[in-house]
Amino acid sequence: MIMPAEADSINQAARLLAAGEIVAFPTETVYALGADAANADAVAKVFAAKDRPGFNPLISHAADISLLRTEALFDDRADRLAAHFWPGPLTLVLNKHPSARGASITHAGLPSISVRIPAHPVALAMLEEFARIGSGLVAAPSANRSNMLSPTTAQHVAEGLGDRVPLILDGGRTAVGVESTIIDLTGDVVRVLRPGGLALESIEALIGPCASAAPGDKPIAPGMLARHYAPQKPMRLNARHATEDEAFLLFGSATANFGGRLRLNLSESGDTIEAAANLFDHLHRLELSDVAAIAVMPIPDIGLGVAINDRLRRGATP
Ligand code: TXA
Ligand code: MG
């Protein structure tokens with residue numbers, strides 16, 4: 001059931017988490033499907049609701065970094081990134097703390113663990129209340145069925161998960177619109193496992209150059225699988241023109257007379273931040289439309305354009 005996020009419904013969400021239930025809630029990136037990270041049975045319900053094929057590791061969310069410091073080992077690089085960018089769209093993969101309370105299903109039995117503090121008032125209020133009455137650690141993937149588009153509104157969550165989730169907190173449209181950037185700090189070399197809502201340029205300005213994840217690296221984030229974040233219609237990238245049978249996903253202002261039966265613009269002003277915020281919403285709308293195929297204009301590979309192109313490439317892979 002969708003409920004507007006208010007003090008009462010937020011407290012109810014925290015109580016559901018404490019009782020081992022799952023709840024959907026907004027973060028600044030996408031909507032999350034959360035469970036008590038320390039309760040293995042509760043976390044198993046998240047995998048079941050999503051039809052997630054394997055037990056892929058989940059991100060542990062908390063409102064307070066002190067809760068995460070007893071889950072994961074923060075080194076100097078992690079401290080600096082956390083101080084700069086949390087709360088915010090950045091997930092850190094760190095070596096597990098020996099006394100971590102997260103259930104092993106939460107981190108899929110890996111020696112590493114992923115953590116983040118989301119920058120959304122509803123998520124933070126719910127996490128704070130849950131820290132008062134429970135573990136305060138919420139394991140949460142995006143609140144979509146496995147391999148489907150990530151949800152940026154409560155309605156998207158309801159369309160995908162419906163009555164599989166007892167409570168969906170509605171906090172409006174998410175501001176960032178793509179998932180967090182995931183940085184692996186478990187080794188000497190800093191690796192980007194997933195480009196996302198925090199531009200790589202900002203991260204590198206703080207801690208220096210980051211390597212991209214080498215193919216074959218383990219553990220592999222499922223977000224790195226070739227096909228993921230997929231719309232249910234064929235998608236053609238780097239299109240300059242669309243046919244009359246296609247919907248055209250545009251970027252920028254110079255788009256007149258480029259064809260397409262249905263046209264949606266990610267950002268008329270050519271802003272990759274605005275485009276990221278619109279990405280999944282526009283794809284959801286095109287999916288629900290009667291147009292059979294989607295053409296997408298080229299998006300510049302800078303700033304959040306890197307995350308957008310990453311999601312589009314995976315969505316276009318047959
Ligand atoms: O913005 C986000 O990150 C959203 C919101 C809800 O916080 N969450 C999200 O979760 O996108 P999910 O599960 O859809 O994607 C998390 C990715 C997965 O591809 C997972 O495999 C990877 O992070 N991951 C998690 N823990 C990891 C670990 N220890 N090592 C490598 N990859 C990990
Ligand atoms: Mg996801």
Side-chain angles (χ1 to χ4, degrees), residues 22-35 37 43 46-47 49-62 71-73 85-97 100 102 104-120 122-124 126-127 137-152 156-157 160-161 169 171 174-187 191-198 213 217-230 276 279-280 304 307 310-311 314-315:
I22 57 176
V23 295
F25 61 96
T27 80
E28 81 281 30
T29 57
V30 298
Y31 273 71
L33 183 64
V43 175
V46 170
F47 288 99
K50 280 179 68 83
D51 294 326
R52 196 146 164 158
F55 290 141
N56 302 316
L58 302 182
I59 301 168
S60 292
H61 300 68
E71 292 302 294
L73 299 168
F85 298 117
W86 279 353
L90 172 67
T91 294
L92 300 179
V93 175
L94 302 171
N95 291 305
K96 214 178 97 190
H97 195 289
S104 69
I105 184 176
T106 300
H107 44 87
L110 296 171
S112 63
I113 184 163
S114 56
V115 289
R116 106 174 173 96
I117 301 181
H120 194 292
V122 172
L124 290 170
M126 185 196 75
L127 289 165
L137 296 167
V138 170
S142 48
N144 51 282
R145 297 263 186 124
S146 208
N147 287 332
M148 307 291 255
L149 290 167
S150 289
T152 54
H156 293 161
V157 179
L161 297 176
L169 285 178
T174 63
V176 175
V178 290
E179 299 88 342
S180 61
T181 302
I182 304 181
I183 299 291
D184 179 358
L185 295 174
T186 57
R191 291 190 186 283
V192 187
L193 297 187
R194 177 176 74 183
L198 180 64
D217 269 9
K218 295 217 164 147
I220 298 221
M224 293 163 67
L225 296 178
R227 181 165 172 86
H228 202 73
Y229 310 106
L279 179 69
F280 287 123
L304 295 202
D310 171 80
R311 306 302 186 274
R314 295 176 204 285

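Just so you know, these numbers come straight off a predicted model, no measurement behind them. Remember, it's 1-based here, ligands and their atoms both numbered in the order they're listed.
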Handout entry: From CA spacing to verdict: side-chain contact (heavy atoms from CB on, under 4.5 Å), T181, F85
Key = CA-CA 11 Å; T181 302; F85 298 117; over 6 Å; no

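Those atoms of ligand 1 that come under 4.0 Å of a heavy atom in R52, given as number and element, are 13 (O). In summary, the atoms of ligand 1 found under 4.0 Å from a heavy atom of A32, numbered by their order in the structure, are 6 (C). In the vicinity of I182, heavy-atom distances shorter than 4.0 Å reach the ligand 1 atoms 17 (C), 23 (O). For ligand 1, the atoms lying closer than 4.0 Å to a non-hydrogen atom of L193 are 31 (C), 32 (N). Near S112, the atoms of ligand 1 lying under 4.0 angstrom from a non-hydrogen atom of the residue are 28 (C), 29 (N), 30 (N). Proximity to T29 (heavy-atom distance under 4.0 Å) selects the following atoms of ligand 1: 1 (O), 2 (C), 4 (C), 5 (C). Within ligand 1, the atoms closer than 4.0 Å to a non-hydrogen atom of H61 are 5 (C), 7 (O), numbered from 1 in the order shown. The I59 neighbourhood of ligand 1 comprises atoms 3 (O), 8 (N), 9 (C), 10 (O), 16 (C), with distances under 4.0 Å to a heavy atom of that residue.
Here T27 contributes atom OG1 and I117 contributes atom CD1; the two are 13.0 Å apart, rounded to the nearest 0.5 Å.
Closest approach of A35 to I22, counting heavy atoms only: CB-CG2, 4.1 Å.
In this structure, I182 and D184 have side chains that are not in contact, with every pair of non-hydrogen atoms separated by 4.5 Å or more. Side-chain contact check for V115 versus L94: some heavy-atom pair is nearer than 4.5 Å. Side-chain contact between V93 and L185 is absent, with no heavy atoms from C-beta onward closer than 4.5 Å.
R194 and S180 share a side-chain donor-acceptor pair at under 3.5 Å.
For ligand 1, one of its N or O atoms has an N or O atom of S142 under 3.5 Å away. At least one N or O atom of S114 sits closer than 3.5 Å to an N or O atom of ligand 1. Between R116 and ligand 1, at least one N/O pair is under 3.5 Å apart.
The pair R116-E179 does not count as a salt bridge, with every side-chain nitrogen at least 4.0 angstrom from each carboxylate oxygen.
Within the coordination shell of the Mg ion (ligand 2), defined by N, O or S atoms under 2.8 Å, S150 is absent.
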